[in-house]
Amino acid sequence: MVLCPVIRKLVGKRVVLASASPRRQEILNSAGLRFEVVPSRFKETLDKAAFSTPYEYALETAKQKALEVANRMNKKDFRSPDVVIGADTIVSVDGQILEKPADKQHAYSMLSRLNGKEHSVFTGVAIVLCSTKDKQLETEVFEFYEETKVKFSDLSEELLWEYIHSGEPMDKAGGYGIQSLGGMLVEYVHGDFLNVVGFPLNHFCKKLVELYYPPSKDAIHHVKHDSVPSVETFEVLSDEESGSSNSTQQNVTSMLKGESAFSCGDPGSLRKKEVAQHVSGEPMANCSENVENQAPFPTILIELLDGFKASKAMFVACKLKVFDLLKGKDILKAKDVAAHINASVCGIERLLDACTALELLNKTNEGYSNTELANKFLVSDSEYSLHGFIIHANDYVWQFFTHLESAVKEGTNQNHQIFEKKAQNLFQDTFYHSRETKLRFMNAMHCIIKVTARDVATAFDLSGFRSACDLGGCTGALAHVLVQEYPDLHVTVFELPDVIENISCFQPLGQGSSRITFTPGDFFKDNIPKADLYILSRILHDWSDDKIDILLSKISDTCKPGSALLVAEIVLGEEKISPPRAVLQSLSMTEGKQRSSSEYKQLLEKYGFTWVQTKMTGNFLDVLLGFKKTTHNSELSNFGF
Ligand SMILES: C[S@@+](CC[C@H](N)C(=O)[O-])C[C@H]1O[C@@H](n2cnc3c(N)ncnc32)[C@H](O)[C@@H]1O
């Protein structure tokens, strides 16, 4: 549901959030905004002393972040976004700006400064409207900031260090996250809570209202500032400039060309309006009113319409090992690629052009070559290859989605259509029904967990644990990262015997592997090994509540008080409509389901795990950690919590 009608005004526009912050993404997602995430590469190194107030610093950083992304995207494919949103959150105390702590000691000095005092949280937000003229990017910047006052209670040193050891402060401005454990430090909040989380949604919506529902012409006044040259404001624009039928026609044409809905009139008049906007802080006049009456170009629908073609083009190029052929610096013509993989020249030429359009390949007069993205993720033997996962998507998931209509009507998964028999057991009867399909599935899991393992392993500080058991740990890819990260940790991978028989080709040579043991077994039927820490990575979403009951009861019974359970899954937003990859995965209708953070928390608590914390990693998987109930909190501090 989209509560704020103005958010709907952005439907059909290419909206980009220039921030990697999962918190900002979640806030905007839950407001119903559809956007792409392109984290800014702007280095946050502006000289703070050059700004007379903290919010000016936050505003400038937000603006530079957004402009960097707008410029980069425009240069990259000459297809600029319509709107780029940049934001920067800082904490200010005693006139000093605090950003993210560099290490635990730095976090301690920040939190000590905030202890027992009131401080301000400022978020600067820049909304950059983009358009192009002769492939040159033109931008208009609208900016605002929000201030929220927060007061910390008087906190003991012990509590501050406990909080620091939770790992939570490290990626947060001021060294705390109010939406999670950090909320316990806070006595009061005056102002917008979401501003402290990282994005002032309310003010953002008001700003959009100003932009998209501007006040009538009469309401706009001349402004004169002593410090800036006198400029024309909206009132001096002629009718023609500000909204005649001619300019309406131009708007429609420019929108159909994919240009910004705001690029009406000649560029000169646009620039005048732009200056006026900056000076007066007032919105653009009739230009956007005209646009309101036009149906915007439904970019999102067109992209959805073509989505399956794009996926399939990438799948087929992977299956034919096109990226392997072009790996490194090789440049080949279509006919050479066709000869190598024994395919038609015209077919390959079309496939290579499609991959170029999708930014997987580069094309010059000499021929085609891999983009960096393809070299890194699509070549089958690259370190972080997703090739195996893509082949699984092509050979299995794709088939499933061709039966989606029946799946939706029947409310069941369609394995019986694909495998021609009803699956009693998801793994034995489907993924593992032949050696070929088993290796394909294992390779797919191996690819995806390799890319995400480091973030899973480090989402919490696990250095207090000595033994871990990764239940359904497949090829052991997560176990390998865990033993690299934690030199005192031993990991048992508990897996089906069928899988363990086939793990040898997935084992890296080298350090740490002597601390990994593979133990065959069935986690529903057999006893599970004893450990301080149990791990369920992408297990719970696959199973029915009955099966989960068996598994979690078993873990809970085996766990000693103070031991912990770590769950890695894609965590749904509380409204359960984001992130799209989780919601789309749900369509595969396995026995299980995806859950939100509060649902996982409830589930873990039901089996005796307390103190459940969630980390949204920004990577493919999010992580939850809960501790087996203990009467003594001191047992938790053995693990640094
Ligand atoms: C979706 S995969 C996740 C693999 C791995 N944990 C990861 O995150 O990539 C589920 C894994 O659970 C294993 N599994 C399924 N049923 C099992 C059972 N009854 N006992 C032990 N492992 C099982 C499968 O073999 C598979 O490797």
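Both ligands and their constituent atoms are indexed starting at 1 by order of listing. All heavy atoms count here, side chains included; hydrogens, waters and symmetry mates do not. Source: prediction; values computed, not measured.
Considering both main-chain and side-chain atoms, H541 never comes within under 3.5 Å of ligand 1 through any nitrogen or oxygen pair. For a threshold of 3.5 Å applied to N or O pairs, the pair formed by L471 and ligand 1 contains no separation below that value.
Interface of I539 with ligand 1, defined as ligand atoms under 4.0 Å from a residue heavy atom, comprises 10 (C), 11 (C), 12 (O). Residue F524 approaches ligand 1 through these ligand atoms, each under 4.0 Å from one of its heavy atoms: 19 (N). The ligand atoms of ligand 1 that sit less than 4.0 angstrom from a heavy atom of V499 are 25 (O).
Look at E383 and K376 and you find no salt bridge, because none of the NZ, NE, NH1 or NH2 atoms lies under 4.0 Å from a carboxylate O. A salt bridge does not link D455 with K615: none of the charged nitrogens is closer than 4.0 Å to a carboxylate oxygen. By the 4.0 Å N-to-carboxylate-O rule, E569 lies too far from R538 to be salt-bridged with it.
Shortest contact from atom 17 (C) of ligand 1 to any protein heavy atom: F523 CZ, 3.3 Å. Looking only at heavy atoms of the protein, atom 7 (C) of ligand 1 is closest to R538 NH2, 3.6 Å. In terms of protein heavy atoms, atom 24 (C) of ligand 1 is closest to Y432 OH, 3.2 Å. The nearest protein atom to atom 2 (S) of ligand 1, hydrogens excluded, is given as M445 SD, 3.6 Å; this is a heavy-atom distance. Looking only at protein heavy atoms, the nearest one to atom 8 (O) of ligand 1 is S537 OG, 2.6 Å.
In D542, the part holding a heavy atom less than 4.0 Å from any atom of ligand 1 is the side chain. Residue contacts with ligand 1 for L621 are absent, since no atom lies close enough (heavy atoms, distance under 4.0 Å). With a 4.0 Å cut-off on non-hydrogen atoms, D522 touches ligand 1 through its backbone as well as its side chain. Only the side chain of W543 comes within contact range of ligand 1, with a heavy atom under 4.0 Å; no backbone atom does. At a heavy-atom distance under 4.0 Å, only side-chain atoms of F427, from C-beta outward, approach ligand 1.
Every ring-ring contact (aromatic ring centres under 6.0 Å, His included) that F441 has, sequence neighbours left out, goes to H392, F427, F431, Y432.
K554 and N527 share no donor-acceptor pair across their side chains, judged by distance under 3.5 Å alone. In the model, N362 has no side-chain atom that pairs as donor or acceptor with a side-chain atom of T371 under 3.5 Å. Looking only at atom types and distance, the side chain of S544 has no donor-acceptor partner in the side chain of D546 under 3.5 Å away. Y534 and D470 share no donor-acceptor pair across their side chains, judged by distance under 3.5 Å alone. If you check the side chains of R595 and Q602, you find no donor sitting under 3.5 Å from an acceptor.
Distance check: F524 CZ to I550 CD1 gives 6.5 Å after rounding to the nearest 0.5 Å.
Between G521 and ligand 1 there is a heavy-atom distance shorter than 4.0 Å. Within the structure, ligand 1 lacks F431 among the residues with a heavy atom less than 4.0 angstrom away.
Nearest to atom 5 (C) of ligand 1 by heavy-atom distance, out of G476, P520, G472, A568, is G472. Among E569, K438, E495, H446, the residue whose heavy atom sits closest to atom 26 (C) of ligand 1 is E495.
Residues Y163 and G177 approach most closely at OH-N, 3.0 Å, considering heavy atoms.
Ring planes of H446 and F506: tilted class, angle from 30 to 60°.
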